[in-house]
Amino acid sequence: MSRKFFFYGSATSNLPYTQDFITFYGISDATIIAAFNEWERIATEGSLINYATPASNRILARWQFAGGTDVLHGGNFLAPGTFTILWGGGVTHNSNGITGNGSSGFGDTQLIPSAHLSLNSAGVSYYCRTNSATTTYEAGCLHTDGSSRFEVITRSAGNAIFPLLNTTSTGAIANANSNKRISIQRTGVNTTTSYRDAVSIGVVPHPSTLLPNRACYVLARNVGVAQLFTAKNLASFEINKGLTAAEETIANNAEVAYQTLMGRNV
Amino acid sequence: MRSVILTEEQAKEMTGILFAENSRFNPVQDADDNWTISEIEVTNCVNEDYFWLKKLPLQKHEPKIEKTDLE
């Protein structure tokens with residue numbers, strides 16, 4: 001669907017993605033709408049999203065985790081009604097976003113990498129408000145035969161990030177911080193870059209092998225069931241298409257502006 | 001963290017059932033292999049068919065230790 005029009009009149013936003021989302025979910029909170037507007041403005045000006053050709057959007061799905069309820073936190077900002085996160089177990093929903101209980105809480109994005117992403121252009125990003133060293137998954141899924149991973153551990157007990165996208169490799173990079181915007185982006189056969197607050201943590205040369213065929217979970221990893229649940233607090237979540245360093249900078253600018261207006265930046 | 005203990009049959013029957021508008025039960029086993037439901041699920045349950053959970057005693061939850069295949 002092409003998007004070329006701006007909304008005026010009785011609408012509370014003049015930006016189309018924001019207007020669609022707040023209409024779909026009945027959101028009227030001025031603070032949230034202002035934050036959505038600012039995220040959309042920066043993302044649009046930086047060409048991460050494109051009204052005329054949505055298929056070319058660099059972000060496939062984004063969950064803003066605004067509004068404090070399981071329903072609102074399940075909504076995909078870029079296409080309400082698609083990739084709605086289905087929550088399971090112990091997840092706390094409040095004005096800070098979502099927080100797992102580290103034991104049973106997770107979200108099923110319904111987004112299957114093999115159906116919706118490209119082998120060498122894929123990524124996961126989230127705004128994490130917790131800085132802790134635990135070997136738990138903030139997101140991910142394993143191919144049904146276990147041969148390929150689409151998963152991330154932000155800061156393991158051994159202080160490492162595991163940026164594993166569409167690969168059988170398991171190598172990690174030292175990382176002692178799990179808060180702010182964390183992003184892992186595959187942009188080539190042997191290139192997966194990890195970022196924190198738009199600064200590169202490092203690049204791993206894991207060769208791409210296969211796009212996993214299970215849905216990506218958030219707050220845990222999907223191996224047919226959810227496992228290795230995180231207790232971290234996430235204030236947004238994205239699946240994207242392999243952002244370049246320049247694109248990641250824009251995405252981080254939009255993220256920081258959004259979280260600041262929401263009063264939950266760290 | 002606290003939870004309530006279920007029977008295995010209850011746990012299997014409840015898995016995937018909505019306890020709120022967009023949240024499903026996910027019973028898990030604790031460190032002693034008891035089937036449990038988290039306090040968050042019990043507290044936020046608005047499904048009247050499962051209000052009996054609110055009458056069960058909450059107890060300290062000792063999670064089963066899970067290990068990743070990475071380290």
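Numbered from 1 within each chain, the chains take letters A, B, ... in sequence-line order.
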**Value rounded to 0.5 Å, distance of CD in B:Glu21 from CG in A:Leu72** = 9.0 Å

**Prompt:** Side chain, backbone, both or neither: which part of A:Phe229 has a non-hydrogen atom closer than 4.5 Å to chain B?
**Reply:** both

**Prompt:** Where does A:Ile85 contact chain B at under 4.5 Å (heavy atoms): side chain, backbone, both or neither?
**Reply:** backbone

**Complete:** Nearest heavy-atom contact between A:Asn101 and B:Ser38 is ND2-CB, 3.5 Å

**Fill in**
What one should report as the nearest heavy-atom pair of B:Asn26 and A:Phe106 is ND2-CE2, 3.5 Å

**Message:** Under 4.5 Å from any heavy atom of chain A, what part of B:Lys64 do you find: side chain, backbone, both or neither?
**Reply:** neither

**Asked** Got a sec: does the CD of B:Glu13 have more than 12 other heavy atoms crowding it under 6.0 Å?
**Response** yes

**Request:** Determine, for B:Arg24 against A:Asp108, whether the closest basic-nitrogen to carboxylate-oxygen distance falls under 4.0 angstrom.
**Result:** no

**Request:** Among B:Ile40, B:Asn22, B:Val42, single out the residue with the greatest number of heavy-atom pairs under 4.5 Å to chain A.
**Result:** B:Asn22

**Fill in**
Most heavy-atom pairs under 4.5 Å with chain A, out of B:Thr36, B:Ile37, B:Val28, belong to B:Val28

**4.5 Å side-chain heavy-atom contact, B:Leu70 and A:Arg149** = yes

**Asked** Considering only heavy atoms from C-beta outward, does the side chain of B:Ser23 approach that of A:Val91 to under 4.5 Å?
**Response** no

**Request:** Could you check which of A:Thr84, A:Leu164, A:Leu86, A:Thr170 has the highest count of heavy-atom pairs closer than 4.5 Å to chain B?
**Result:** A:Leu86

**Most contacts with chain B, counted as non-hydrogen pairs under 4.5 angstrom, among A:Gly74, A:Gly171, A:Ser103, A:Gly102** = A:Ser103

